[in-house]
Every structure is written in C-alpha cells, then in structure tokens.
Amino acid sequence: MRELVISLKPELVEKPVLNIVVLPFTAHNLQIVSKERRQQVGAGFLELANQAYALNAQSQSPYDPEPDAATNVEHSKNPTNNDSHERRLARLNGIACGTCGGHCCRIGGDTAFLNVSKFQEVLRKQPEAGPADVVAQYMAKIPHETFTDSCIFHGFHGCGLSREQRATTCNVFLCTGLQILKDLVDRDASEMVLAATNIRCGDDLPPKVFRIKTADNDAVIPLLWTATDRDKLEA
C-alpha cells in the first residue's frame with residue numbers, strides 16, 4: 001500500500017515517517033428520504049422512546065450515564081493529559097470516518113443502532129421532555145437526502161446526529177483502520193496519511209486508492225479525492 005500511495009502522491013516520500021492508515025472506501029448514491037420512510041422511522045423511534053419513558057418512570061435512581069469516550073471528550077470540564085489524548089483521538093477518528101465515507105454506517109438502516117437504553121439516557125438528560133419531544137429532535141436531524149442502502153442519518157455531509165445523540169455503537173466501534181489509528185495516537189505519532197481504498201471492502205479487485213488525506217494536530221490536507229468530493233467542496 002505504501003508504494004501505491006506514493007505512486008499517486010510522490011511528495012509523501014519526503015516525509016521522515018509515513019504512517020499510513022488504510023481505510024475502506026464507500027461510494028453511495030443520494031436519494032430523497034420518502035415520506036413513508038420518515039413515518040416508519042418515526043414510529044419505530046416513538047415505540048423505543050415510549051418504552052424508555054416507562055422504564056425511567058419505574059426507576060427513580062439518579063442518572064448515571066454509560067461511560068462513553070465521545071461523550072467524555074465533549075463534556076470534560078477539567079482537562080488532563082488523558083483528556084487531550086481522547087480529544088485528539090476523537091478528532092482523528094472523525095476525519096478518518098469522513099475519508100472512508102461511512103462503510104460501517106451502511107448497516108445502521110432505519111434504526112441507526114438506537115435502542116431503548118439510548119432513549120432512556122436522552123430522556124433523563126431532558127426531564128421536562130416526553131417521548132414525542134425527543135423523537136422530534138431526532139427526526140429533525142434526518143437529512144433531506146441520504147445515501148442509498150445506508151443509515152437514515154447518513155447524508156451528503158456525514159452523520160446528521162451529534163456525537164451525543166448517536167448510539168453507543170457508533171461512538172465506540174473501531175474498524176480495523178480505526179484500531180490502527182488508535183495505536184498511532186497512543187504512540188503519539190505526529191502525522192497520519194489516511195487512505196480510503198478497496199482493500200478493506202471485501203472485494204477481489206486490484207488495489208485502488210480513492211482518497212488520501214494527511215492529518216495532524218492542526219490541519220487536514222486533502223491530497224486525492226473523487227469527483228463527488230469535489231462537488232462537496234464546492235457546495
């Protein structure tokens with residue numbers, strides 16, 4: 001993969017250390033979310049939220065949210081060295097997922113991995129809100145157009161949900177590429193080369209690189225992108 005990446009972007013050979021993170025490449029077609037799909041999604045979310053509301057009503061224990069790295073990163077009030085590490089990891093994870101295009105988002109479907117437990121968490125954080133209120137918040141985040149055969153929130157600019165709104169699965173799951181990225185961050189690697197390829201997509205086609213970005217603590221530099229990416233940059 002190193003040779004293929006350098007053949008496409010020879011300037012990378014000048015870097016003293018070339019930390020390449022190989023990611024899947026995901027190409028999608030956009031489609032308008034139909035009224036029927038929205039209604040089906042809304043009904044499913046409302047069923048989950050109603051169950052969550054009933055369970056919360058049965059338990060008056062103080063809210064103790066499930067540990068979640070992304071949530072801890074966003075809401076830490078007393079930064080430490082570990083917080084800085086987690087912030088950097090969360091930032092680079094987001095860049096890597098954007099480089100990939102959402103390969104694992106495809107299985108989010110119409111549930112986005114949301115479950116009763118997540119709606120319990122959301123309702124406890126908003127004690128004045130009812131099931132219909134929180135469902136309305138989620139429904140408002142569904143893009144006008146989403147990618148075909150992917151998550152209901154997977155739109156042109158990525159996930160429509162904030163990290164706090166996403167299912168725990170979305171915030172903590174690490175694909176093989178993200179596991180490699182985490183290892184590099186744990187070793188304080190200063191810069192990564194993110195390469196979206198067909199290698200991790202499970203096909204038998206010759207290796208091909210579709211996107212390349214360099215990312216460090218301060219900047220992200222796109223070096224190779226698709227025609228669709230160009231349209232996105234111009235939007």
Can Lys125 and Glu164 be said to form a side chain to side chain contact (heavy atoms under 4.5 Å, CB included), step by step?
CA-CA 11 Å; Lys125 287 182 178 179; Glu164 188 175 20; 3.0 Å; yes
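Using a 4.5 Å heavy-atom threshold, the side chains of Gln58 and Leu55 count as touching. Contact annotation: the side chain of Leu223 approaches that of Leu12 to within less than 4.5 Å [non-hydrogen atoms, C-beta and beyond]. Counting only heavy atoms from C-beta outward, the side chains of Leu92 and Val21 never approach each other to under 4.5 Å. Thr197 has its side chain out of reach of Pro207: every pair of non-hydrogen atoms, C-beta onward, lies at least 4.5 Å apart. Lys9 has its side chain out of reach of Val193: every pair of non-hydrogen atoms, C-beta onward, lies at least 4.5 Å apart.
Gln126 and Gln137 share a side-chain donor-acceptor pair at under 3.5 Å.
A donor-acceptor distance shorter than 3.5 angstrom exists from the side chain of Asn171 to the backbone of Arg163, with no hydrogens or angles considered. Between the side chain of Asn198 and the backbone N or O of Pro206 there is at least one donor-acceptor pair closer than 3.5 Å. Counting only distance, with no hydrogens or angles, the side chain of Gln31 and the backbone of Thr148 share no donor-acceptor pair below 3.5 Å. Side-chain N or O atoms of Arg211 include one that pairs as donor or acceptor with a backbone N or O of Cys100 at under 3.5 Å.
Residues passing the salt bridge (charged side-chain N to carboxylate O under 4.0 Å, His left out) test with Lys182, sequence neighbours excluded: Asp186. Glu191 meets the salt bridge (charged side-chain N to carboxylate O under 4.0 Å, His left out) test with Lys15; sequence neighbours excluded.
Pairs of residues two or more places apart, or lying in two chains, that qualify as salt bridge (charged side-chain N to carboxylate O under 4.0 Å, His left out) and include a residue from residues 98-113 are Arg37-Asp110.
Of the charged side-chain nitrogens involved, none lies within less than 4.0 Å of a carboxylate oxygen, so that Arg124 and Glu121 do not count as a salt-bridged pair.
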